[in-house]
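The basis for the numbers below is simple: all heavy atoms, side chains too, and nothing from hydrogens, waters or symmetry mates. Order of listing sets the numbers, starting from 1, for every ligand and every atom in it. Along the sequence shown, residues are numbered consecutively beginning with 1.
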Amino acid sequence: MKQERWRPPALLWASLVCHLGATTLWALMPHHWPLALGILVINHLALAVTGLLPRSKGLGPNLTRLPESAARQGWVALTIDDGPDPEVTPKVLEILAAYQAKATFFCIGKKVEAFPELAQAIVAAGHAIENHGQCHHTFNSLQGMSGWTREIADAQASIHKATGQTPRFYRPTAGLRNPFLDPVLHRLDMHLASWTRRGYDTRVQDSEQVFTRLSRGLRGGDILLLHDGNAARTTHATPVIIAVLPRLLDTIATLGLRPVTLRAVFDDPRTPHTDS
Ligand SMILES: [Zn+2]
C-alpha cells in the first residue's frame, strides 16, 4: 500500500465550504446568525457521527475488507485486539497453530511492555502485530493531532522494542476517530484498518451468538474482529474467543477459505498497491 500525498476527504472539503459559507453569511447578514450557527452545528454533528461509525470512510481511507484480489483467493483476516493477555493469548496461539492459521494481533503498547515475551511468541509463530495504541483510552477520539501522534508513535516504539516488528496498520480504540487521525496516520506511513464484522466478544457472554455474528455470510475478503484482551467470559468462565475460535476456524476451512495476516495480503504481488 503506497502512501500518496495526503488529500482531505470529501467530508472535510464540505466542512470547509460550510464554515466559509456560515462565516460569510454571518458577516454580510448578521440578522441571519441563527441560520449560520445552524449550518455549523449540523456540520460538526456530521463529523462527530462519522467518527463514531468505525467502518465509515468519510474521514479518510479505512480498510473494511481485503482487496478483491485477496477475496478471490479465498483469503480472510482474523484480527485479534486488546492483548497480549497472559491468560488468553497463549491459548489463542495454540488453537491457531493447530489449524495452521495466521492472525493479526492489534496489540496495546502498554500491554506489550508488560508482557514482551507474549508479543515475541506471537511474532515467532508467524503472526503479525499491529498497532492498537499505547494506552487504549476510551476518549482517544477527542484528541488533536499531537495526542494521536503520541498514542500511535509510542505504541510503534513499544512493539518494535519488544519484537523488532514495525506495525503498518492502526486500529483506534473501539474504532472511534475524529478528523485529525487521518493526516497523522498518513505522516506515520500507516493505514487505518477496521473490520467487516465483529462478534462483540468483550461484552457478549454467549459464544453461540458471537460465532453466529462472525460466521453468518462469511466469505473471502472478510476481516473478522475478536479479542484476546478484555475478553468476555462464558457462563463456564471460558474466554469467549477460546470458545469460538476452533468452531470459527472449522467453518473457515469448510468454506475453503484461508486465514492470513493483513500484511501478508498487502505484501502479495497480486494485491494492488493503492489505499482503500
Ligand atoms: Zn480495543
Side-chain angles (χ1 to χ4, degrees), residues 51-56 59-60 62-64 77-93 96 103-116 118-119 122 127-143 147-159 162-163 165 167-178 180-182 184-185 188 190-205 207 210 213-214 222-233 239-245 248 261-263:
L52 290 173
L53 301 171
R55 302 180 68 250
S56 78
L59 297 178
N62 185 1
L63 189 68
T64 57
L78 295 174
T79 62
I80 301 175
D81 287 15
D82 291 7
D85 179 278
E87 182 198 344
V88 182
T89 307
K91 292 176 188 159
V92 168
L93 291 176
L96 291 171
T104 300
F105 289 76
F106 278 89
C107 289
I108 296 170
K110 284 202 162 171
K111 291 192 180 178
V112 170
E113 285 179 358
F115 309 109
L118 288 177
I122 291 171
H127 307 293
I129 294 191
E130 303 295 349
N131 189 321
H132 198 30
Q134 179 69 359
C135 300
H136 198 256
H137 290 145
T138 310
F139 298 112
N140 277 346
S141 62
L142 300 178
Q143 63 199 342
W148 283 115
T149 303
R150 198 168 44 248
E151 172 74 358
I152 298 167
D154 285 357
Q156 290 292 88
S158 301
I159 292 166
T163 66
Q165 256 192 17
R168 289 149 58 177
F169 296 90
Y170 173 68
R171 177 175 286 163
T173 311
L176 305 179
R177 295 162 291 148
N178 65 23
F180 297 112
L181 174 60
D182 188 49
V184 169
L185 286 179
L188 295 173
M190 297 186 73
H191 304 271
L192 179 71
S194 54
W195 52 83
T196 310
R197 58 174 63 89
R198 56 175 160 173
Y200 295 96
D201 57 334
T202 55
R203 47 192 170 91
V204 175
Q205 292 181 292
S207 60
V210 172
R213 281 198 172 121
L214 291 169
D222 283 1
I223 301 173
L224 306 182
L225 167 58
L226 293 123
H227 291 80
D228 56 349
N230 302 319
R233 299 310 198 252
V240 169
I241 184 172
I242 303 299
V244 166
L245 200 50
L248 184 62
T261 63
L262 290 181
R263 57 178 59 199

Checklist entry - With distance as the sole test, does D201 use its side chain to make a donor-acceptor pair with the main-chain N or O of H227 at under 3.5 Å? => result yes
Next on the checklist: Which atom name does H132 have for its N/O/S atom nearest to the Zn ion (ligand 1)?
Outcome noted: NE2
Checklist entry - Short question: side chain of H132, backbone of R171 - any donor-acceptor pair under 3.5 Å? => result yes
Checklist entry - N/O/S of H136 less than 2.8 Å from the Zn ion (ligand 1)? => result yes
Checklist entry - Given the rule in the side-chain contact (heavy atoms from CB on, under 4.5 Å) test, do R198 and R213 qualify, once you have shown the distances and angles that lead to the verdict? => result CA-CA 7 Å; R198 56 175 160 173; R213 281 198 172 121; over 6 Å; no
Checklist entry - Ignoring hydrogens and geometry, is there a side-chain-to-backbone donor-acceptor pair from K111 to D82 under 3.5 Å? => result yes
Next on the checklist: Tell me which N, O or S atom from D82 is the closest to the Zn ion (ligand 1).
Outcome noted: OD1
